[in-house]
Amino acid sequence: MPIFPSDEWVKEYVAKINTNEKYADAASDWEGDFLFIIEDDSSKKPVASIYLDLYHGKCRGGKFLDKSEGMQAAFSYIGPYRNWIRLIKREIDPIQGVLTGKFKLKGPMMKIMRYTRAAKELVNTANQVETEFK
Amino acid sequence: MIKLWFFRIPEIVYGEDSLSYLESTRHRRFLIVTDRNIARTDFPDLVMNNLPDASSSMLFSDIGEEPAFDEMTKSIERIREFAPDCIIALGGGSVMDSAKVIAFTYANPARQIYDLTPLEHLGIREKVSIIAIPTTSGTGSECSWAAVVSESDGLTKRKMELASTEILPETAILDPVFVRSLPLKQTVSTAVDAIVHAIEAYTSQWRNPYSDAMAIKALQLITGSIRSVIKDPLNIEFRNNVHIGASMAGSAFSNSQIGLAHAMGHALGSCFRIAHGYAVGLYIPEIIKYNSAAVPDLYREIRNVFPADARKKDLYGTIRYFFEEIGQPLTIGECGIDASAYESKMETLVKLSMESTGSLTNARESDSDSIRSIMLKVRGI
Ligand SMILES: [Fe+2]
């Protein structure tokens, strides 16, 4: 079982995105990359991130990055490790997570508003990866 | 287990003579936002006569149907010069949503409309308060932190659903004097809107004990009185029940979200000219059928809230019977929309519905196929 977050986890996650019909349906004309940023529970400093190159309902590539590798993307979804665990277990709804301050979402709002369904499906797909936590 | 969540509502002043509350507010510079039709009535004077002594007011009444951002904010410079400390929204959903957008722009000159989101602090409440006085009984905007703004990119018209807790009105004044002479068509379409708010709030994926309580009481008040209002429009007691019920339904959906009927109703309203309440009411019966497998018990509970003589075998039958009785259209033909024009817009309608956040919190998961199939069921052929 891959550990979250890791290279193996991202590989499996990308494979799951690419077989998720709900995501493909919701993101059929989406163009733009996404960055998941995982913060340390106490210091709130970024400790790792996951970069996703998304295009027309598919993920063209994903990359696991440790904190030393800075990467920019059109959209970032940011939260502490403990909340990522709850999100992947689907104990937190990805949109409610933002509204209650457990996650932050950054990016051009004009676009995200129209693709909330795609963003939700994207995050929900993480639940399909059998995951081990640190 | 219940997770962290909120229940936010304005201070609510209700009942006959509740308008006189205005005299006691701490504000002194009032911007009154209303639409062109209401500007021709005595409502603005009624409001002005109730303002505190030694206060000043400015009237902005140049708002039409389904306003876009530019129309809502075209007098923003004059408004800035006047420097209000309170915005009074006097009207239906479009007026109240316009007042919210004006408050946002007034406090945030450099921001774009898309920045009206719950993700950032916008400093609106530090700058200005909003008092909402609804003149219809249905939209619930006086109790919600959402605003619908029409938008067109040249190709597609959209109804943007914007939200921020900072645009929740500070106070809602529910004075029945403003709805006593509401015309029949608007009485029905706005009441249907409120009924749909309550049903969608009660079955939303984000439902919670507070919104549940508001939704059920709202349904009881509205379904128990709307037929009497239609028969006896000047009866203030029945009007008051529907008026209060509509604001309860608004506070229910504002805190638990809407569902597919609103996603699809907004899509329909973007493509065709139709009253919002008729649009959401058109779809709700078929959506109830679609959702039934996911929330059978909740629908049974809702059915049992309808007046005994209107209850049919299930909620689907009950709502169709009730809607027919009060004059809510059940097919697009009855809404005055041509079936072939409707079909030619099908893919746009599906796409817009998919984009709407209402489709995400609906009782049952949906996709473009399920939305298309519900869309086609209301053709009436
Ligand atoms: Fe509505």
Side-chain angles (χ1 to χ4, degrees), chain A residues 19-32 37 56-57 74-80 82-125 127-128, chain B residues 1-6 8 69 111-122 145-146 148-149 151 153 156 158-165 204-208 254-257 260 263 266-267 347 350-362 365-372:
Chain A
T19 52
N20 184 342
E21 285 178 14
K22 278 196 210 162
Y23 173 73
D25 186 29
S28 60
D29 52 1
W30 170 274
E31 295 172 7
I37 299 176
H56 290 196
F75 296 94
S76 327
Y77 194 73
I78 308 153
R82 63 165 186 275
N83 288 347
W84 278 100
I85 297 175
R86 297 181 67 194
L87 187 82
I88 292 168
K89 290 182 177 171
R90 289 186 89 155
E91 290 169 11
I92 295 179
D93 174 283
I95 306 167
Q96 278 187 327
V98 173
L99 295 176
T100 51
K102 296 192 185 320
F103 285 89
K104 284 190 279 267
L105 175 63
K106 290 189 174 154
M109 281 308 132
M110 179 167 97
K111 194 162 174 185
I112 201 75
M113 265 173 37
R114 287 173 46 194
Y115 289 93
T116 316
R117 177 186 278 261
K120 187 183 174 184
E121 289 298 344
L122 184 69
V123 176
N124 279 348
T125 309
N127 172 260
Q128 295 173 13
Chain B
M1 196 182 71
I2 295 171
K3 291 181 299 242
L4 162 67
W5 195 234
F6 315 96
R8 296 184 170 105
F69 177 65
R111 286 186 195 260
Q112 285 190 304
I113 183 65
Y114 307 106
D115 295 325
L116 180 43
T117 74
L119 307 185
E120 271 180 83
H121 180 71
L122 300 168
W145 42 287
V148 176
V149 180
E151 174 204 46
D153 58 10
T156 314
R158 283 191 169 76
K159 298 219 166 192
M160 290 191 286
E161 297 150 359
L162 302 160
S164 160
T165 54
S204 151
Q205 290 182 32
W206 293 7
R207 66 196 293 261
N208 57 75
S254 176
N255 288 282
S256 74
Q257 296 306 299
L260 263 183
H266 282 163
E347 289 321 300
V350 172
K351 188 172 150 39
L352 291 176
S353 305
M354 288 278 284
E355 285 176 6
S356 162
T357 50
S359 71
L360 296 177
T361 43
N362 185 62
E365 301 268 334
S366 61
D367 56 20
S368 47
D369 286 340
S370 47
I371 289 173
R372 189 178 299 105

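Every value quoted in this text rests on a predicted model; they were computed, and no experiment measured them. Each chain gets a letter, A, B and so on, in the order the sequences are listed, and its residues count up from 1.
Heavy-atom distances place both the backbone and the side chain of B:Ser359 under 4.5 Å from chain A. In this structure, chain B has a heavy atom under 4.5 Å from the side chain of A:Lys102, while its backbone stays farther away. For B:Ser164, no part lies near chain A; criterion is any non-hydrogen pair under 4.5 Å. At a 4.5 Å heavy-atom cutoff, the contact between B:Ser368 and chain A is made by backbone and side-chain atoms alike. No part of B:Gln257 comes within reach of chain A, as not one of its non-hydrogen atoms sits under 4.5 angstrom from that chain. Neither the backbone nor the side chain of B:Ile113 comes within contact range of chain A, judged by heavy atoms closer than 4.5 Å.
Within the model, atoms OG1 of A:Thr116 and CD of B:Glu161 stand 9.0 Å from one another, a figure rounded to the nearest 0.5 Å. Atom OH of B:Tyr114 is separated from atom CE of A:Met109 by 13.0 Å, given to the nearest 0.5 angstrom.
Listed by chain and residue number, A:Ile95, A:Gln96, A:Lys120, B:Trp206 satisfy the side chain to side chain contact (heavy atoms under 4.5 Å, CB included) test with A:Asp93 (two or more places apart in sequence, or in another chain). In this view, A:Arg90 and A:Asn124, A:Asn127 satisfy the side chain to side chain contact (heavy atoms under 4.5 Å, CB included) rule, not counting sequence neighbours. The side chain to side chain contact (heavy atoms under 4.5 Å, CB included) search around B:Lys351 returns A:Asp29, A:Arg114, B:Arg158, B:Glu355, not counting sequence neighbours.
The two residues B:Leu119 and A:Leu105 come nearest to each other via the heavy atoms CD1-O, 3.8 Å. A pairwise comparison of heavy atoms in B:Phe6 and A:Leu99 identifies CE1-O, 3.6 Å as the closest pair.
Of residues 20-28 of chain A, those residues with a non-hydrogen atom less than 4.5 Å from any non-hydrogen atom of chain B are, in numerical order, A:Lys22, A:Asp25, A:Ala26.
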Go through it in stages, so that I can follow the logic: the residues are B:Leu162 and A:Met113, the test is side-chain contact (heavy atoms from CB on, under 4.5 Å), and I'd like the CA-CA distance, side-chain angles, deciding distance and then a yes or no. CA-CA 9 Å; B:Leu162 302 160; A:Met113 265 173 37; 3.6 Å; yes
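Among the candidates A:Met110, A:Arg117, A:Lys106, the residue making the largest number of heavy-atom pairs closer than 4.5 Å to chain B is A:Arg117.
The local environment of CD in B:Gln112 is sparse, with at most 12 non-hydrogen atoms from other residues, nucleotides or ligands closer than 6.0 Å.
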